[in-house]
Colleague: 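Structure incoming, see below.
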Amino acid sequence: MAFNPLFGQSIHYGADYNPEQWLHMPEILKDDLRMMPEAHMNIMSLGMFSWAALEKEEGVFDFSWLDRVLDNLNERGIKVFLSTPSGARPAWLSEKYPEVLRVNEKRQRALHGGRQNHCMTSPVYREKVRIIDTKLAERYAHHPAVIAWHLSNEYGGYCHCPLCQARFREYLKERYGSLDNLNQQWWNTFWSHAYTSWEQIESPSPIGENAVHALSIDWQRFTSHNALDFCKMERDTVKAFNPDLPVTANFMEFFRDYDYFEWAKELDFISWDSYPQWHVFKDSEYVAAYTAMNHDLMRSLKGGQPFVLMESTPSATNWRPLSTLKRPGMHTLASLQAVAHGADSVQIFQWRKSRGSSEKFHGAAVDHVGHLNTRVGREVIDLGAKLEKLAPIAGSEMQAEVALILDTQNRWALEDSQGPRNQGMDYLGVCLDFYTPFWRRGINVDVIDETCDLSKYKVVVAPMTYMLRGDYAERVEKFVREGGTYVSSFWSGIVNDTDLCFLGGFPGPLRKVMGIWEEEIDSLDDDYEVRVKTLEGLPFFDEDSYHAGFLCGLVHCEGSEALAFYDGEFYQGMPVLTHNHYGEGHSYYVAARMDKKFMEGLVGRLEYECGLKRALTTHLPKGVTAHERVNGDDHFVFIGNYGEHGKNIKLHAQYVDMFSGDTVTGICRLPPFSARVLKRIN
């Protein structure tokens, strides 16, 4: 499962390091080299914002300082993710070549500044990036400290310049072949929007076309494709000098701009930047489950391969509305959560706080005081010591019997659908509704999209699959027919790849598999709820009644059985939860957004019927969860307490504590904001 021979031997631990900020203060760099081993750090991410220090003016390069830094790190056994610097260009480049400056949706060209605000279509920018990347690769592709390339930094955003418009039209020509086909697939007879030449097509804009949904979706597809093409250019440039050196690009939290499942195919391993808002929300489980779902997505992007937590903060960010400090133990708990869900490396942003500019107050291992003897520094050191003891876990896998469909292209279409809700479809929130009960139980979940293989799972959960792409519906039908259990929800099976509604009733091609017809859907005010009743004595549903809200589908059973019903509104008595036998398998349809207790009951039923495996066969109190990684015959359980109060967990087997080496049986004690890692004794 490991993506690199170095990974699988230890859990790597390090930080984002910016020595170019301190070249005029060599004593600072000496202190860094002394303190990194004290913090148990063995890897640094280096060079992502170094372009101006490497090429101070066009064609004039200076790598001497980077030579010294890499050699010094290598002498201390510290490895490096070496970055290409394309995420933030030097001012001379913007001044001399203004075409590299990005144009927004109102057709306004940006000034120099910020980062990731360049045109990825621009031949000039591509050539300048190719040159600096080539210089780096020639010099460092075989350096003993460098174990991987870190391409750019947080690729993102859109450019609407004439170069991008021309490339977008070429993309559409390749996709549709002819204008007649494009007009038909986009349904351009509506409002007389049919195009008669390719040059008439422009990207969506508030001052132009913004009502053709298929145009918006294809623009999103194009921008993801075009940015990936830029990324591949960088990848191919550096790999030309050492094909065996792996590459990554740091992804972001449920990022909307690009389709990460397409990007994952072109990278050797996945890394991402995680900045949860711990301690801000009243429900600590919400943040923990939301973050876990994102970790599971990153692990699933390459079929369960370990990933790298490339950025996290040991204390606070400085760019959110509230810069809330992590409470004692939270940095360790959050880092171990990442490892529990498949991370083989934990990196923090940043090693040392910048003295000036926009992130001078962002969290770091070394504060402005200049040493590690701080509350945060001591926890950074303690975490490093703990991660060293988790070497046997490196390269291990998570075995998931459940998959959650979270599809980026479906999200694009759903959020632009102008359907039952225009004040927010909350796609991620609805996905989290279905994910959280599995997470609470300690049942591993892969987070995949509609293109992924379904056959290896017992249960596939697919909330709000508004857009059914490609052959997804056929593969769902095969999955259920051959014995799988498929769970779908309201507002599913509505449109095809180009946002054309399915004819013949919803949920479109899944109507037969689900055994239902959804005739209408009602959108409710956020403060309004409809009571729901289940069949009397329905196992796992112990409440007298439940509540539906947000969206309520009006469903007719067509061979399925109704297990729960609306108990209010004009659709009183209509089904809310249906169950259908299809072939050797089963399907469930949840017609409304349901409360937490209802979702717990549904997942309890799925767990029992499908024999789903938990990490611990014990009751987990609120705020506590457990997840398992497996390495051959060795089973490792991560137990995390995300609450402000200590909790006791009753164990039904014998374990060894990976940190203390003690044998653990009976009651396992978890202080607030803490985690334990246990190895099961067979």
Colleague: Is there side-chain contact between Met658 and Lys679, with at least one heavy-atom pair below 4.5 Å?
Modeller: yes
Colleague: Tell me, please, which residues at least two apart from Glu628 pass salt bridge (charged side-chain N to carboxylate O under 4.0 Å, His left out).
Modeller: Lys613, Arg680
Colleague: As a test of understanding, state which of Arg469, Lys265, Arg411 forms a salt bridge (charged side-chain N to carboxylate O under 4.0 Å, His left out) with Asp449.
Modeller: Arg469
Colleague: Side-chain donor-acceptor pair under 3.5 Å between His40 and Glu388, yes or no?
Modeller: yes
Colleague: So does Ala391 get a backbone contact from the side chain of Ser10, meaning a donor-acceptor N/O pair under 3.5 Å?
Modeller: no
Colleague: Is the Tyr275 to Trp319 ring centre distance short of 6.0 Å?
Modeller: yes
Colleague: Do Phe438 and Leu606 have side chains that get closer than 4.5 Å, going by heavy atoms?
Modeller: yes
Colleague: Please give me the minimum heavy-atom distance between Tyr435 and Ala289, naming the atom from each residue.
Modeller: CE2-O, 3.4 Å
Colleague: Can you check ring pair (Phe, Tyr, Trp, His ring centres under 6.0 Å) on Trp272 and Tyr260, steps first, answer last?
Modeller: CA-CA 11 Å; Trp272 84 288; Tyr260 278 165; 9.5 Å; no
Colleague: Looking only at side chains, do His341 and Asn294 share a donor and an acceptor under 3.5 Å apart?
Modeller: no
Colleague: Please evaluate residues Tyr155 and Tyr258 with respect to the criterion ring pair (Phe, Tyr, Trp, His ring centres under 6.0 Å), reporting the C-alpha separation (whole Å), side-chain torsions for both, the decisive distance (0.1 Å), and the verdict.
Modeller: CA-CA 9 Å; Tyr155 287 107; Tyr258 303 151; 7.7 Å; no
Colleague: Could you tell me whether Phe541 and Phe598 have their ring centroids closer than 6.0 angstrom?
Modeller: yes
